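Comments concern the structure below.
All figures in this text were calculated on a predicted structure; none of them were measured in a lab.
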Amino acid sequence: GIRVESVVADSPAEEAGLQRGDRILSIDGNQMTDLRAYSRFLRQRKPGETILVGIDRDGERLEIEVELRAR
């Protein structure tokens with residue numbers, strides 16, 4: 001998974017509840033093994049789309065919906 005080092009204030013990640021220290025395991029069921037896979041996946045999505053992010057938070061598996069915005 002991909003460890004979340006920080007969460008930008010007022011970002012879709014913060015609004016969805018993603019926290020520093022979470023590990024992103026999957027997006028829409030696609031395993032995220034590294035930042036390259038993460039970036040490639042997000043480039044294929046458009047602002048306004050909602051993605052389902054599977055995370056590990058302190059050993060607990062959670063799924064969080066995140067609505068994407070333009071950068």
**Report entry** Pairwise distance CD1(I2) to CD1(I55) - rounded to 0.5 angstrom
**Finding:** 12.5 Å

Requested in this report: For residues 5-20, pull every pair meeting salt bridge (Lys or Arg N to Asp or Glu O under 4.0 Å), keeping only residues two or more places apart or in separate chains.
Outcome: R3-E5, E15-R69

Side-chain donor-acceptor pairs of residues 57-68 under 3.5 Å, sequence neighbours excluded:
{"from": "R57", "atom 1": "NE", "to": "D22", "atom 2": "OD1", "distance (Å)": "2.8"}
{"from": "R57", "atom 1": "NH2", "to": "G17", "atom 2": "O", "distance (Å)": "2.9"}
{"from": "R57", "atom 1": "NH2", "to": "D22", "atom 2": "OD2", "distance (Å)": "2.8"}
{"from": "R61", "atom 1": "NH2", "to": "S26", "atom 2": "OG", "distance (Å)": "3.3"}

Requested in this report: Starting from the C-alpha separation in whole Å, work towards a yes-or-no answer on side-chain contact (heavy atoms from CB on, under 4.5 Å) for I27 and R45.
Outcome: CA-CA 11 Å; I27 299 178; R45 300 298 183 256; over 6 Å; no

Requested in this report: Please report the closest heavy-atom contact between V7 and L18, naming both atoms and the distance.
Outcome: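 Minimum heavy-atom contact is CG2-O, 3.5 Å.
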
Using residues 34-43 as the side-chain source, report each donor-acceptor pair under 3.5 Å to any protein atom, sequence neighbours left out, with the distance given to one decimal.
{"from": "D34", "atom 1": "OD1", "to": "R36", "atom 2": "N", "distance (Å)": "3.1"}
{"from": "D34", "atom 1": "OD1", "to": "A37", "atom 2": "N", "distance (Å)": "2.8"}
{"from": "S39", "atom 1": "OG", "to": "L35", "atom 2": "O", "distance (Å)": "3.1"}

Report task. Can you sort out the partners of D56 under side chain to side chain contact (heavy atoms under 4.5 Å, CB included), two or more places apart, ordered by chain and number? Result ->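 If we apply the side chain to side chain contact (heavy atoms under 4.5 Å, CB included) test to D56, skipping adjacent residues, the hits are R23, L25.
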
